[in-house]
Amino acid sequence: MSDSVRVRFAPSPTGYLHVGGARSALFNYLFARHHAGTFILRIEDTDRNRFVDNALDEIYESLTWLGITWDEGPGKGGSFGPYIQSERLHLYKKHVEQLVDDGHAYYCFCSSERLARIREEQEKSKTKIGYDRHCLSLSKEEVKVKCAAGEPYVIRFRMPSGRTIKFNDFIRGDIEYQSDILDDFVLLKTDGYPTYHLANVVDDHLMEISHVLRGDEWIASTPRHVLLYEAFGWEPPQIAHLPVILSSTGGKLSKRKGAASVMDYQRAGYLPEALVNFLALLGWNPGNDREKMTIEELHGSFSLEKVSPKAAVFDEQKLEWMNGLYMAERPVPVLTGELLPLLVAGGVVGSEFEDLPYLEKVIGLLRERSKRLTDLVDAARYFFVDPESYEEKADRKHFTAENAGYLQTLKEKLESLPEFSKAELETALRTTAEALGVSTGKLIHPVRLAVSGVSFGPGLFDLLELAGRERVLRRIDVAVAYITKKNGLE
Ligand code: GLU
């Protein structure tokens, strides 16, 4: 198979690239890499009504961020280009005319009003919905005259009757459709653009695509494609439809049910390696219990034989868990580079922030507790910005008048510490508690709340050491003043 594998991902720029599309891209990419084949990116932009500005840029950006690199396609070139369908209109025109000449397709001049009317009548009489072949009987002469007069037209495929259309889906096995349920679908539209069916088949053939791996929503299009291949006299590629992706709350993954865009996951703090690893397991598994795999390991083990026809479930919690694994092993300097723009955007540090050694220590301390980069942004905030408020429940519980006094005593002790180190801090806190005759909890909880504003986080002494004497003392002062005021007002 090795030298013949040519696969493509063929998105339509009708919106952002969502995770389902990214899974299709990834499976094609992995299949190509596994077989040392070629992965092609082809843009199917023939539906001008659904074209969305910026969608193309977002598709390129999303694939690039995920590390799904294409060998041929926009920006890369290749000997089968152009790879954007709107730049290939002459090819579709030429091929559709060949179908007309061979009697497999015909011109249709019916107006949209007429088509709407016959549809309405078919619905009323509960007969088969579809084109009624009104224009099939037009002679070549009549067609010529209408074209010369500038009448708008489409070109339709002439659906053979009484045919059983069979094809073998690599994942689902043999599939059959009856041609009688299909109508004379449009190949070329009035605006001169091909429909998806025509452009897709012509390009898969001309680009010598060996395998078509696409989402299951395209199964119903396949019988039309099979007939088109036959009409052209071409060998169809091997076809495989990837399993549907369900949301974890049930139902098909949709925009409403978790099908966010790839870039949304970037914004939500996910690492591309984790998302790729997670997407690879949506319908595929390596045949053992292994789940965590780098993209290079996936190249090695991906096979179509192990893709299941059963629905896959998009489990956000599993994605989070997976992301946590990748975060934990990321070298701190790398993580720091990735996090800095998010910290600036989140207002945690200014754009001219330079104290990278401090930031690296903060990240080193916090990353094991963080599942996403955005968790780290939130958790890191108090290492840079003094708390503006205190967690409500902890405030009520730990910021009592009595504890304010203890905090004040602790502060005096910390002021005179020769070294503001973890070990010294721990000894100071314990001896202060002893001297006061209170449990260490009477100091531990209020001081954490005073310094961080919250009741949870890394080990207290790590936190205090890293935040540093100046910050810690200042925040204790602020907290003591706050508690005094709060109690005075009560
Ligand atoms: N343009 C189609 C899409 O948006 C391509 C489907 C196929 O791969 O044939 O998904």
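Order of appearance sets the numbers: ligands from 1, and atoms from 1 within every ligand.
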Provide, to 0.1 Å, the distance between [atom] and the closest protein heavy atom, together with that atom's residue and name.
atom	value
atom 8 (O) of ligand 1	R8 NH1, 2.6 Å
atom 10 (O) of ligand 1	W218 CZ2, 3.3 Å
atom 4 (O) of ligand 1	S12 OG, 3.2 Å
atom 1 (N) of ligand 1	E44 OE1, 2.6 Å
atom 5 (C) of ligand 1	A10 O, 3.2 Å

Open item on the list: Given T195, which partner from the list D47, N200, V154, V186 fulfils the side chain to side chain contact (heavy atoms under 4.5 Å, CB included) test?
Closed with: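 When D47, N200, V154, V186 are each tested with T195, the side chain to side chain contact (heavy atoms under 4.5 Å, CB included) holds only for V186.
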TODO: Report the part of N200 (side chain from C-beta onward, or backbone N, CA, C, O) that has a heavy atom under 4.0 Å from ligand 1; answer both or neither where that applies.
DONE: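 The answer is the side chain of N200.
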Open item on the list: Could you check whether any heavy atom of Y196 sits closer than 4.0 Å to an atom of ligand 1, since that is the contact criterion I want to use?
Closed with: yes
TODO: For the pair Y16 and H18, name the ring-plane relationship: parallel under 30°, tilted 30 to 60°, perpendicular over 60°.
DONE: perpendicular
Task: N/O separation below 3.5 Å, V212 to ligand 1 - done: no
- [ ] Indicate whether the side chain of E44 and that of Y196 have a donor and an acceptor atom separated by less than 3.5 Å.
- [x]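 Looking only at side-chain atoms, Y196 and E44 do not form any donor-acceptor pair under 3.5 Å.
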Task: Check against side chain to side chain donor-acceptor pair (under 3.5 Å), Y92 and D203 - done: CA-CA 9 Å; Y92 311 125; D203 284 349; 2.7 Å; yes
Open item on the list: Is there a side-chain contact between L63 and V262 in this structure, where contact means two heavy atoms from C-beta onward sitting under 4.5 Å apart?
Closed with: no
TODO: State, with a plain yes or no, whether a side-chain heavy atom of F302 is found less than 4.5 Å away from one of F27.
DONE: yes
